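One is the number of the first residue; the rest follow in order along the sequence. Any value given below was found using the heavy atoms of this structure, including those in side chains, with hydrogens, waters and symmetry copies removed. The structure presented is a predicted model; accordingly, all values stated were derived computationally and were not measured.
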Amino acid sequence: MAAAGRRSLPLVARLRCPSAGGCMAVGDYDAPGNCRGTATLTWDGSTWRAVTAPAPGKHGSQLSAVSCWQPSACIATGGIVAASGAHLT
């Protein structure tokens, strides 16, 4: 378990690589407050980098799919966790 205020390693839900030197991975991670946070990572052929992604859910957000038509042009979808605990897409 991650220490308070620290992110856990991301759980990758989907990976798309429109070229050998360009990929995007999306998923979620354990965020502080017993929530899920969005995880977005890019690969440039040598290094994975975290990318900031919107996380609109007050009680948690997660990304579950990604589509890319070129390495720098991707779109991701996912859902949020409502206050009731329901998962909404």
Side-chain angles (χ1 to χ4, degrees):
M1 185 169 171
R6 296 191 58 192
R7 294 182 179 188
S8 66
L9 293 175
L11 173 63
V12 173
R14 294 288 184 265
L15 172 69
R16 294 292 178 257
C17 299
S19 73
C23 296
M24 177 163 279
V26 299
D28 57 76
Y29 67 94
D30 291 324
N34 200 26
C35 291
R36 304 299 295 166
T38 57
T40 310
L41 305 160
T42 60
W43 173 256
D44 63 9
S46 62
T47 305
W48 283 102
R49 288 188 174 79
V51 178
T52 302
K58 180 179 178 183
H59 301 282
S61 302
Q62 53 203 48
L63 296 172
S64 56
V66 63
S67 181
C68 301
W69 47 97
Q70 59 186 351
S72 62
C74 298
I75 189 166
T77 62
I80 62 170
V81 179
S84 66
H87 292 259
L88 308 173
T89 58

Engineer: Between Ala25 and Leu15, what is the shortest heavy-atom contact and its length?
Structural biologist: CB-CD1, 3.9 Å
Engineer: Locate the shortest heavy-atom distance separating Ser19 from Pro71; write the atom from each residue and the value.
Structural biologist: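 Here Ser19 and Pro71 meet closest at OG-CG, 3.2 Å.
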Engineer: Using every non-hydrogen atom in the two residues, find where Ile80 and Ser61 come nearest and quote the distance to one decimal.
Structural biologist: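 Distance-wise, the nearest heavy atoms are CG2-OG, 3.9 Å.
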Engineer: For residues Leu11 and Tyr29: do they belong to one hydrophobic cluster (side chain heavy atoms under 4.5 Å, members Ile, Leu, Val, Met, Phe, Trp, Tyr)?
Structural biologist: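 No, Leu11 and Tyr29 fall in different hydrophobic clusters.
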Engineer: As an exercise, state the distance from CE of Met24 to OG of Ser72, rounded to the nearest 0.5 Å.
Structural biologist: 9.5 Å
Engineer: For a quick test of reading the model, state the closest non-hydrogen atom pair linking Ala82 to Leu88 and the distance between them.
Structural biologist: CB-CD1, 3.9 Å
Engineer: To the nearest 0.5 angstrom, please state how far the CD1 atom of Ile75 sits from the CZ atom of Arg16.
Structural biologist: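 It comes to 13.5 Å.
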Engineer: Between Cys68 and Cys74, does the SG-SG distance stay under 2.5 Å?
Structural biologist: yes
Engineer: Evaluate the side-chain proximity of Trp48 to Cys23: yes if any heavy-atom separation is below 4.5 Å, no if none is.
Structural biologist: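 Of all side-chain heavy-atom pairs linking Trp48 with Cys23, at least one is under 4.5 Å.
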Engineer: Quick check: closest heavy atoms across Leu63 and Ala39, and the distance to 0.1 Å?
Structural biologist: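 Scanning both residues, the minimum pair turns out to be CD1-O, 3.9 Å.
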Engineer: Are Leu41 and Trp43 grouped together when hydrophobic residues (ILVMFWY) are joined by side-chain heavy atoms under 4.5 angstrom apart?
Structural biologist: yes
